[in-house]
Amino acid sequence: MSAAVLSEKMNSFLTSLVVPEESGQRALYDQLTEKDFPTTKNEYWKYTRVGKITNSKFKKGQRTEDKGLREKFLLDGNCLVVENGILRDDFTCDKISGVIVTSVKPGDENKIAGFGKELNLNHVFSLLNATYYQEVIHINIAAKTEMEAPLKLVFITNGENVICNPRIFIHADKSAQAKISMQFVSLNDKGSFCNVVSEFIVEENARLTIDKLQNESDASFHISTEQVRQEKNSFFQINTMTLDGGLIRNNINLIVAGENCESHMNGAIIVKGNTHVDNHTFVDHQVANCFSNENYKYVLEDKSTGVFNGRVIVQQHAQKINAYQKNSNILLSDFALMNSKPELEIYADDVKCSHGSTTGQLDDDAIFYLQARGISKDKAKKLLVSAFINEITDQFSDESMKDAIQQILIEKHGWAIN
Amino acid sequence: MKQLLNIKNLHAEVAGKEILKGLNLTVNAGEVHAIMGPNGAGKSTLASVLSGKEGYEVTEGSADFDGKNILELEADERAKEGLFLAFQYPVEIPGVSNINFLRTALNEIREYRKQEQISAKDFMTMVREKSKLVELKDNLASRSVNEGFSGGEKKRNEIFQMAMLEPKLAILDETDSGLDIDALRIVAAGVNKLKNKDNAIIVITHYQRLLDYIVPDFVHVLADGKIVKTGDKNLALELEEKGYDWIFADQKA
């Protein structure tokens, strides 16, 4: 007879949370009680310790009555606000033709075609999200829709020791051209945990671009999982900018299921203090004739730490794949630390794949050159960091997000991108 | 005549090794000085020490620039005081545009001198005007600093920057190295146009060739960390013909 060994840590973690009522989530809860949290012995979590999260006692995030949320974050007004995982229906944005946003309650997920289909619930934080999300924010972009301006979503973690499990499902139907921007911020969020899962389905011939900005407080935790599926002739791009947070882990899992697809993942991480930022990307090239490119840049100051793990699989029949990966890092202090690891698994024989990783300090010769022209050392360093990160910020299509990035950089780092 | 640079008994070390061993040099406004000498004599070290590069330690002596002890200033402050170094190997800086960099530099210098910031319009007019001086194509000005520039373009860009910043004293560190004869003529013509009675130029070079175009008032021979001989432009011709050995022989005699 075998019984599942229950993890004390998991059960202690779950005691502070209310057992979900809905039968589907209840069944997931039962699965969850039989799981354990990963440790650094697990290769996938080797450089990121989640002990601070798993030892916490969280309470469920609520919708507050705060009417001033938009003003607090200098939002331009034209955005949807998701507070503690719940879409605020008292904030609306301009209607975009062809784009429908709905909240779907647990138990009604069958209304969303393809929901959860690709998500791996063996990953305990994805399972945690599935067990506890309070609604699914379903965004459908109808076939042939051409979005000129992005749909903006702002996710606010509000309150101390709060756990929130925002759940998003974005469907870009055939030949749609969609842009979504997602901004993660926080309010009074000491010790809070935002565990967000987003699913993206990019249908035939569709283009979907995601601009993502993470700027929560340095006392918070954030785990984000993006599950993407691309059908043939489609285009997907995600640009991630991380400017603040306590512990941040981003997982992008991209399945390229159709031929002639193009996929881009760009990341810029500029952090200081004790912030820890871990980006794990995974591209699964299942079919032939596709292109994928990733470019992640870190600027680490003080005692901040970074992790980049880029995994690419090219399946046996996926010939003529071009898959490129680049990770460059600048350490601005002797105490900052970067761990970078590419993982290429190639089973096809006619592919072009490359990866490169560099970690270093700012070029002293370049600093001196700028100084010799009258630019102070401090300003010279800022110019060089800005030049380093420029390549990524250029990729963002949401202009108001670019402005927000500039403002945060000036406030937190005393410089802006030129 | 106004004295711009006064170096007295300058001793400097790199990584504990003494390179400059008691160098004396005075440069007045309106003058062009050439410094020549064999490899390893300390020519580039002198340029680095004067411009404030890290890693050089002055152990003795002084260097006053326009009445101020510049050895106490940071590299950028020296530039703000009006000292300019044209690099032997200009650094490539991807992602920083020439224009943006120069405007930042110009405005920092103006701020230091308590002058008004330059407007975007005036700045662009100035860029167009000064880039003509060295026949630098407009698009080079908008590209990243020195990135993908040919050897000749890099050197022309140095002189373009000099034209933009209008220094009191410019040190041209082997500006002729790696230049073909046409580029050399352009660079020299640019320098000559910038020369006036209020500023001065120090030309560091291995070869007499550049001095056909930028005619020096004084030629100094730097050897083993000291200036061992000073003459007029004819000294350069003599060096070209006879090499340096005869000077050292004279010294010993």
Side-chain angles (χ1 to χ4, degrees), chain A residues 239 241 266-270 295-299 326-330 332 334 356 358-396 402 405-406 409-410 413-418, chain B residues 47-48 50-56 73-113 115 143-147 154 157-158 160-167 170-171 173:
Chain A
N239 307 312
M241 183 97 188
N266 301 303
I269 295 87
I270 307 166
N295 188 7
Y296 274 78
K297 292 187 160 191
Y298 288 64
V299 178
K326 202 168 80 177
N327 169 228
S328 339
N329 314 301
I330 289 180
L332 291 178
D334 292 343
T358 59
T359 298
Q361 287 156 329
L362 290 174
D363 179 0
D364 284 337
D365 288 336
I367 293 173
F368 176 62
Y369 189 79
L370 296 171
Q371 272 193 288
R373 298 296 175 258
I375 297 172
S376 68
K377 194 173 195 172
D378 187 47
K379 189 93 166 251
K381 285 182 177 177
K382 286 168 181 171
L383 261 178
L384 294 175
V385 170
S386 157
F388 174 73
I389 229 75
N390 231 338
E391 191 187 10
I392 307 293
T393 39
D394 272 355
Q395 297 292 323
F396 278 73
K402 275 191 190 174
I405 289 169
Q406 293 284 40
L409 284 174
I410 290 168
H413 298 270
W415 56 274
I417 289 161
N418 288 291
Chain B
S48 296
L50 290 178
S51 56
K53 189 169 184 183
E54 282 178 14
Y56 295 83
L73 302 178
E74 293 289 323
D76 59 290
E77 293 169 328
R78 300 180 195 200
K80 284 163 180 155
E81 289 290 341
L83 186 74
F84 181 89
L85 172 66
F87 281 61
Q88 183 180 1
Y89 303 109
V91 182
E92 295 193 12
I93 311 181
V96 177
S97 80
N98 239 345
I99 295 274
N100 183 16
F101 143 67
L102 268 175
R103 194 162 171 220
T104 307
L106 203 57
N107 278 332
E108 275 212 31
I109 290 171
R110 286 184 170 225
E111 196 183 325
Y112 183 85
R113 296 180 187 165
Q115 295 166 338
R143 270 167 43 188
S144 287
V145 178
N146 295 320
E147 194 187 26
K154 281 182 185 167
N157 193 25
E158 293 294 287
F160 164 63
Q161 292 175 29
M162 175 180 160
M164 291 293 291
L165 303 179
E166 298 172 332
I171 302 168
D173 188 7

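Reminder, nothing fancy here: chain letters follow the sequence lines and each chain counts from 1.
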Undergrad: Using a cut-off of under 4.5 Å on heavy-atom pairs, state which of B:Val91, B:Leu83, B:Ile109 scores highest against chain A.
TA: B:Val91
Undergrad: If you count heavy atoms of other groups shown closer than 6.0 angstrom to CD of B:Gln115, is the number above 12?
TA: yes
Undergrad: With a 4.5 angstrom heavy-atom cut-off, could you sort out which part of B:Asn146 is near chain A: side chain, backbone, both or neither?
TA: side chain
Undergrad: Side chains of A:Phe368 and B:Ser48, heavy atoms from C-beta outward: is any pair under 4.5 Å?
TA: no
Undergrad: Do the non-hydrogen side-chain atoms of A:Ser376 and B:Glu108 ever get within less than 4.5 Å of each other?
TA: yes
Undergrad: Quick one: pull up OG1 in B:Thr104 and NZ in A:Lys382 and give me the separation to the nearest 0.5 Å.
TA: 12.5 Å
Undergrad: Shorter than 4.5 Å, heavy atoms on both sides: which option in B:Ser97, B:Pro167, B:Ala105 has the most such pairs with chain A?
TA: B:Ala105
Undergrad: Would the number of heavy atoms belonging to other residues, nucleotides or ligands and lying under 6.0 Å from NZ of A:Lys381 be above 12?
TA: no
Undergrad: Identify the two heavy atoms, one from A:Arg373 and one from B:Ala79, that lie closest to each other, and give their separation to 0.1 Å.
TA: C-CB, 3.9 Å
Undergrad: Hey, could you give me each pair passing salt bridge (charged side-chain N to carboxylate O under 4.0 Å, His left out) that has a residue in residues 83-103 of chain B? Not counting sequence neighbours.
TA: B:Glu92-B:Lys154
Undergrad: Once side chain to side chain donor-acceptor pair (under 3.5 Å) is applied, what residue pairs with a partner in residues 359-368 of chain A remain, sequence neighbours excluded?
TA: A:Asn329-A:Thr359
Undergrad: Does atom OH of B:Tyr89 have more than 12 heavy-atom neighbours from other groups under 6.0 Å away?
TA: no
Undergrad: Looking at B:Glu77 and A:Lys377, is there a salt bridge between them, counting it only when a charged N and a carboxylate O are closer than 4.0 Å?
TA: no
Undergrad: For B:Pro90 versus A:Tyr369, what's the shortest heavy-atom pair and its separation?
TA: CA-CE1, 4.0 Å
Undergrad: Under a 4.5 Å cutoff for heavy-atom pairs, which residue among B:Met162, B:Glu81, B:Glu158 has the most contacts with chain A?
TA: B:Glu158
Undergrad: Which pair of non-hydrogen atoms, one from B:Pro94 and one from A:Ala387, has the smallest distance, and what is that distance?
TA: O-CB, 3.6 Å
Undergrad: State, with a plain yes or no, whether a side-chain heavy atom of B:Ile93 is found less than 4.5 Å away from one of A:Leu383.
TA: no
